[in-house]
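One structure is given below, encoded as structure tokens.
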Amino acid sequence: MSTRIIALAAGKGKRMNSKLPKVLHGIAGKSMLKHVLDTAGPLTEKAPIVVHGLDGDLLKSAICRSDIDWVLQAEQLGTGHAVRQTIHLLDDSDLALILCADMPLIRTASLRKLIDRANEESFSILTVVPDNPFGYGRVLRNSQGYIDRIVETFDLKYSQTSVTECNTGIFALRASMLKRWLPQLNKNNAQSEFYLTDCVALASSEGVNVSPILVSDPKEGMGVNNKKQLAFAERVYQRQLAEELMEAGVTLVDPDRVDVRGSLVCGKDVTIDVNVIFEGDVNIGDGVYVGPNNVIKDSDILENSTIKANCVLESVFVGSESKVGPFSRLRSGTALSEKTVVGNFVEIKKASIGEGSKVNHLSYIGDAELGSNVNIGAGTITCNFDGANKHKTVLEDDVFVGSNSELVAPVRVGAGSTVGAGTTVTKDVEGEQLVVSRVSQKHIPGWRRPSKDGSDSSLPNATQNKTRK
């Protein structure tokens, strides 16, 4: 029996108070809908089905997957009505795994248990015992422990309010049964909707056992309906990721102050300080230290490197035993060879920095290629943009650039050359040369700074005296 995923994503999410569809609000940098699809993805090779409302174009453009079967639910008439729209896509032999797209904390292992039980019993439901069951449909079991029926919150009788086991809305059952039961659903309930949960009573009437799979962590069954719940789910998810990292040997100075918004792979003896954000795909080698307040996105940091405090790295390669920061910004296309140093208040973009080279402070290096053992003095910039096009600066091995220099691209400085402090380099420099382009120093005696009374600092002091009245 093959599994077919059905993700219910047509809810309007009014309590979000947002123009964005509810299921596109994010947890850890990824929409809730994508979380659910990614979690269930390993359980089947068949294309998932997503039931959407009138905002389907937004969902399709956000998810960007060609293998999804999108199904419109033009009117929101309940979960049973939503699943009914998918019947034409299901083979009788399919096992339908029905998911709620606003439940980003659900785990693959729990869904796998649900599917395994459904394959044995033909119908299973994921259940939880939350701290506060208000708003959840209650699960009523029979004497054999199977689910006899599910009563929605709005339809509960007083005697049923003491029941604490609740329905998550996640079902696994044979498609042939869905096709038989969905046409029998009615709207005779407090919300005048077609409840998918009414299939439980229909199953019981036919003698079909409905097996509950109770998850140990009730947070897995949490639906997100407002911004407070979204923030809570974010913290739960981040804590789970932090615990996985620590179990793998990563030292987190404070596990509640690290955010992973993508994929983070760490080697051994990695230490991550507080308030670090990882985005996209980040790989960190053995012995790396990441200081506080860093943002690292889509980057590789090799072994024994140090990222000091308050840096931003985006699409960067950092070679082994390198040091970055504090207060550095490395932009897309930057590649540091091993044993390089990038110091404080340095910006580098689309540049390769050779082994042992140093860009210590207050410099901008863009569209450049630096050889090995190059030294960049403070305040140096590559002038790479002419207003229309970008141009390249090449500094060969062992070049020394003095402070406050400008390298006007396109330009090449040969190996072993020295650029004197305050020099503007506009032409290529051969190797083993000194290049200096300073303006001659002048001294003007008797010069005074401008004063608030309007006196002219360019005149000698004697001529600046004015008659006072």
Around [X], counting heavy atoms of other residues, nucleotides and ligands shown, do more than 12 lie under 6.0 Å from its [atom1]?
X: E206; atom1: CD; answer: yes
X: K12; atom1: NZ; answer: no
X: E75; atom1: CD; answer: no
X: R65; atom1: CZ; answer: yes
X: K349; atom1: NZ; answer: yes
X: K268; atom1: NZ; answer: no

From [atom1] ([X]) to [atom2] ([Y]), nearest 0.5 Å:
X: D397; Y: S357; atom1: CG; atom2: OG; result: 7.5 Å
X: L336; Y: I348; atom1: CG; atom2: CD1; result: 6.0 Å
X: R107; Y: K113; atom1: CZ; atom2: NZ; result: 11.0 Å
X: L156; Y: F134; atom1: CG; atom2: CZ; result: 10.0 Å
X: K219; Y: S216; atom1: NZ; atom2: OG; result: 10.0 Å
X: K350; Y: T334; atom1: NZ; atom2: OG1; result: 11.0 Å

Would you check if [X] and [Y] make a side-chain contact, meaning some heavy-atom pair closer than 4.5 Å?
X: L95; Y: N119; answer: yes
X: Y136; Y: P130; answer: yes
X: L105; Y: Y237; answer: yes
X: L178; Y: I87; answer: yes
X: L395; Y: T393; answer: yes
X: L202; Y: V208; answer: no
X: V318; Y: V316; answer: yes

Any donor-acceptor pair under 3.5 Å linking the side chain of [X] with the backbone of [Y]?
X: S204; Y: V200; result: yes
X: R261; Y: F278; result: no
X: S124; Y: R117; result: no
X: D91; Y: S93; result: no
X: D155; Y: A190; result: yes
X: T168; Y: L126; result: yes
X: S299; Y: K297; result: yes
X: S363; Y: E347; result: no
X: D116; Y: E120; result: no
X: S61; Y: L58; result: yes

Stepwise side chain to side chain contact (heavy atoms under 4.5 Å, CB included) test for I63 and K34: CA-CA 7 Å; I63 300 301; K34 194 170 190 310; 4.1 Å; yes

Stepwise side chain to side chain contact (heavy atoms under 4.5 Å, CB included) check, Y289 with K308: CA-CA 8 Å; Y289 171 75; K308 298 180 182 179; 5.9 Å; no

Answer yes or no: is there an ion pair linking [X] with [Y], defined by an N-O contact shorter than 4.0 Å?
X: D92; Y: R180; value: no
X: R239; Y: D256; value: yes
X: D198; Y: R149; value: no
X: D148; Y: R141; value: no
X: R329; Y: E314; value: no
X: K46; Y: D67; value: no

Ring-plane angle category for F123 and F171, please: parallel below 30°, perpendicular beyond 60°, tilted otherwise.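 Judged by the thresholds at 30° and 60°, the geometry between F123 and F171 is tilted.
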
Residues K227, N17; criterion side chain to side chain donor-acceptor pair (under 3.5 Å); working and verdict: CA-CA 8 Å; K227 294 294 179 63; N17 287 317; over 6 Å; no

So S110 and E220, side chain to side chain donor-acceptor pair (under 3.5 Å) or not? Walk me through it. CA-CA 9 Å; S110 297; E220 282 196 61; 2.8 Å; yes

Apply the test side chain to side chain donor-acceptor pair (under 3.5 Å) to residues E165 and T127: give CA-CA distance (whole Å), side-chain angles for both, the deciding distance (0.1 Å), then the verdict. CA-CA 7 Å; E165 186 177 10; T127 66; 2.7 Å; yes

Y146 side chain to E121 side chain, donor-acceptor N/O pair below 3.5 angstrom: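 Result is yes, a qualifying pair exists.
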
Regarding D94 and S2, is there a side-chain donor-to-acceptor distance under 3.5 Å anywhere?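 There is such a pair (donor and acceptor under 3.5 Å, judged by atom type) between the side chains of D94 and S2.
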
Under the criterion side chain to side chain donor-acceptor pair (under 3.5 Å), I'd like the reasoning laid out for D298 against S315: C-alpha separation, chi angles, the key distance, then a yes or no. CA-CA 5 Å; D298 292 323; S315 300; 4.6 Å; no

List the steps, then state whether side chain to side chain contact (heavy atoms under 4.5 Å, CB included) holds for L99 with I6. CA-CA 6 Å; L99 305 169; I6 303 172; over 6 Å; no

May I have the step-by-step check of ring pair (Phe, Tyr, Trp, His ring centres under 6.0 Å) for H391 and F385, ending in yes or no? CA-CA 6 Å; H391 301 280; F385 185 51; 8.7 Å; no

Identify the two heavy atoms, one from C311 and one from N294, that lie closest to each other, and give their separation to 0.1 Å.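 C311 and N294 have their closest heavy atoms at N-OD1, 2.7 Å.
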
